[in-house]
2 protein chains.
Amino acid sequence: MLELKNLPHKTIERLSQYRRALLICLEKGQTHIYSHEIARIQHITAVQVRRDLMLIGYTGTLRKGYNVKELIDLIGEIIDSQEGINVAIIGMGNLGRALINYFSGKRSHLKIVASFDINPDKIGNTMSGVPCFSTEDMEKVIREKNIRVGIMTVPADFATQTAEALVQAGIRGILNYTPKPVNVPKEVYLEEYDMITSLEKVAFYVKINEDKK
Amino acid sequence: MLELKNLPHKTIERLSQYRRALLICLEKGQTHIYSHEIARIQHITAVQVRRDLMLIGYTGTLRKGYNVKELIDLIGEIIDSQEGINVAIIGMGNLGRALINYFSGKRSHLKIVASFDINPDKIGNTMSGVPCFSTEDMEKVIREKNIRVGIMTVPADFATQTAEALVQAGIRGILNYTPKPVNVPKEVYLEEYDMITSLEKVAFYVKINEDKK
DNA sequence: TTAACAATGTGAAAATAATAACAAAAAAAC
DNA sequence: GTTTTTTTGTTATTATTTTCACATTGTTAA
């Protein structure tokens with residue numbers, strides 16, 4: 001059987017991206033797509049696409065390319081959890097709200113079912129169908145709603161305690177958007193992303209490009 | 001001379017992160033730090049830290065570690081642009097606002113000097129000191145204010161045209177937060193980040209971990 | 001003084017990821 | 001019906017990134 005565990009991390013990321021491109025193609029009524037078409041959309045090479053698809057065991061049709069619908073379904077089988085995964089957003093600031101709007105209804109297997117905040121004005125409200133609870137009730141709500149992934153969008157000063165509370169509540173994965181790295185036990189999958197780093201990276205390469213001339 | 005061009009991309013990202021950790025140490029009055037301390041904060045190995053510092057030519061003191069202040073300054077010399085870089089945010093939705101709050105006053109060499117939107121209610125306002133202009137005036141403002149980096153936080157449907165307009169205005173780097181990949185000429189540095197991909201990746205590894213048991 | 005320790009710095013090796021090269025075969029062109 | 005073209009699938013190669021292993025050397029402690 002296909003060993004999902006051994007798929008390169010980068011391949012996982014690209015599969016998610018291929019699927020999104022493919023969903024757009026499907027909407028447009030396109031039934032087949034060539035590796036080089038996917039590649040052009042994603043700014044990568046066609047070989048890379050074919051290799052990724054090879055790794056997941058998908059076979060296209062020579063000279064016709066890949067069946068859009070089939071490939072979407074296969075990627076879903078690979079990366080999605082069969083029973084779906086419930087997600088919570090912790091911190092209903094601008095970033096938390098951006099994420100809720102952004103995700104709402106986008107992926108059926110990933111459902112944002114709760115948000116948390118400490119601001120009493122926000123608690124009890126609903127946004128894009130997602131109810132906001134008090135951070136104090138986090139453990140209770142996470143267990144009741146079977147929430148397995150938490151997205152942290154709290155201020156940096158609350159990062160540590162939020163991560164601890166999530167772990168305490170039995171969370172299985174954390175996506176940390178605060179600029180402060182957090183520690184979790186190894187059975188919790190942690191992905192950190194820091195916007196300042198991305199911006200500084202862009203600025204660095206802009207500088208380098210200018211020096212070059 | 002040190003060849004900045006040849007620093008691995010990953011090293012650049014980590015340097016930005018080391019600096020942030022170091023700034024916190026500096027605030028706390030810590031004068032020296034060991035490689036394994038930096039490593040623990042960033043969830044990486046001490047060897048990785050030492051290797052990165054070796055690449056930028058920084059030498060610590062045996063058994064005392066690295067001088068926090070010196071290292072912060074050196075990282076600044078490496079990744080910052082001497083004359084500073086002006087940045088614009090295009091799209092004043094939740095994400096755009098989150099970024100403005102997030103960055104404001106954080107890095108002196110990276111200044112967000114303008115934001116753009118199509119909503120007349122937002123145009124003319126100022127947020128965290130950043131004035132909002134009409135998207136129609138983008139080229140003019142970007143040239144006048146010497147903006148070199150643009151952060152795209154517009155809805156996906158506007159991604160393509162926004163990127164084209166930025167390129168047209170002579171931008172040198174783009175950080176694209178829309179879920180739609182864009183095309184730019186090779187002299188413009190492009191960094192794309194997609195929140196759905198990150199969330200799907202977390203969900204995937206959560207699934208894998210659970211299957212394992 | 002000298003042995004043990006704890007840290008840095010780095011060449012070599014391993015792991016991971018991307019690219020090149022090309023065989024195979026369906027479709028199109030002649 | 002044969003040749004050319006186009007596209008997939010895959011092996012081999014190269015490039016990048018991380019880790020290992022260990023020499024080196026201040027510092028501490030016996």
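These numbers were taken from a predicted model, which means no experiment stands behind them. Throughout, protein chains are lettered first and strands after them, A, B, ... in sequence-line order, and every chain is numbered starting at 1.
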Taking C/dA17, C/dA7, C/dA12 as options, the one with an atom nearest any side-chain atom of B/His36 is C/dA7
| Side-chain N or O of B/Arg50 less than 4.0 angstrom from OP1 or OP2 on C/dG11? | no
message: Is there a side-chain contact between A/Tyr18 and A/Val49 in this structure, where contact means two heavy atoms from C-beta onward sitting under 4.5 Å apart?
response: yes
query: For B/Lys111, does the NZ atom have more than 12 heavy-atom neighbours from other residues, nucleotides or ligands under 6.0 Å away?
result: no
B/Gln48 side chain near D/dT19 phosphate (N/O to OP1/OP2, under 4.0 Å):
yes
Requested in this report: Describe the nucleic acid contact of B/Ser35 in one word from base, sugar-phosphate, nothing, applying a heavy-atom distance below 4.0 Å.
Outcome: sugar-phosphate
Separation of D/dT8 atom P from A/Lys64 atom NZ, nearest Å, is 13 Å
What I want to check is whether an N or O donor and acceptor connect the side chain of B/Arg63 with the base of D/dT28 at under 3.5 Å. no
From NE2 of B/His9 across to P of D/dT17 the rounded distance in Å is 7 Å
Rounded to whole Å, the CG-P distance (B/Leu55 to C/dG11) equals 11 Å
Whole-Å distance, A/Ile38 CD1 to D/dT7 P, equals 13 Å
**Message:** Other residues, nucleotides and ligands only: do more than 12 of their heavy atoms fall within 6.0 Å of NZ on A/Lys201?
**Reply:** yes
**A/Tyr193-A/Asn176 side chain donor-acceptor pair, cut-off 3.5 Å** = no
Atom OH of A/Tyr34 and atom P of D/dT5 are separated, to the nearest Å, by 16 Å
Per atom distances to the B/Tyr66 side chain, the nearest of D/dT19, D/dT10, C/dG9 is C/dG9
*asked:* I want to check one thing: is the phosphate of C/dG9, taken as OP1 and OP2, less than 4.0 Å away from some side-chain N or O of B/Thr59?
replied: yes
From CG of A/Asn67 across to P of D/dT7 the rounded distance in Å is 17 Å
Here the gap from B/Ile33 atom CD1 to B/Leu22 atom CG, rounded to the nearest 0.5 Å, amounts to 5.5 Å
When rounded to whole Å, the CD1 to P distance for the pair A/Ile44 and C/dA20 reads 14 Å
Separation of C/dA18 atom P from A/Leu7 atom CG, nearest Å, is 13 Å
Sorted by position of nearest nucleotide on DNA chain C, 5' first, the leading residue of A/Thr61 and A/Pro8 is A/Pro8
Taking for A/Val47 and for A/Leu62 the nucleotide of DNA chain D with the nearest heavy atom, the one nearer the 5' end belongs to A/Leu62
From the candidates C/dG11, D/dT10, C/dT19, the one with an atom nearest any side-chain atom of A/Thr45 is C/dT19
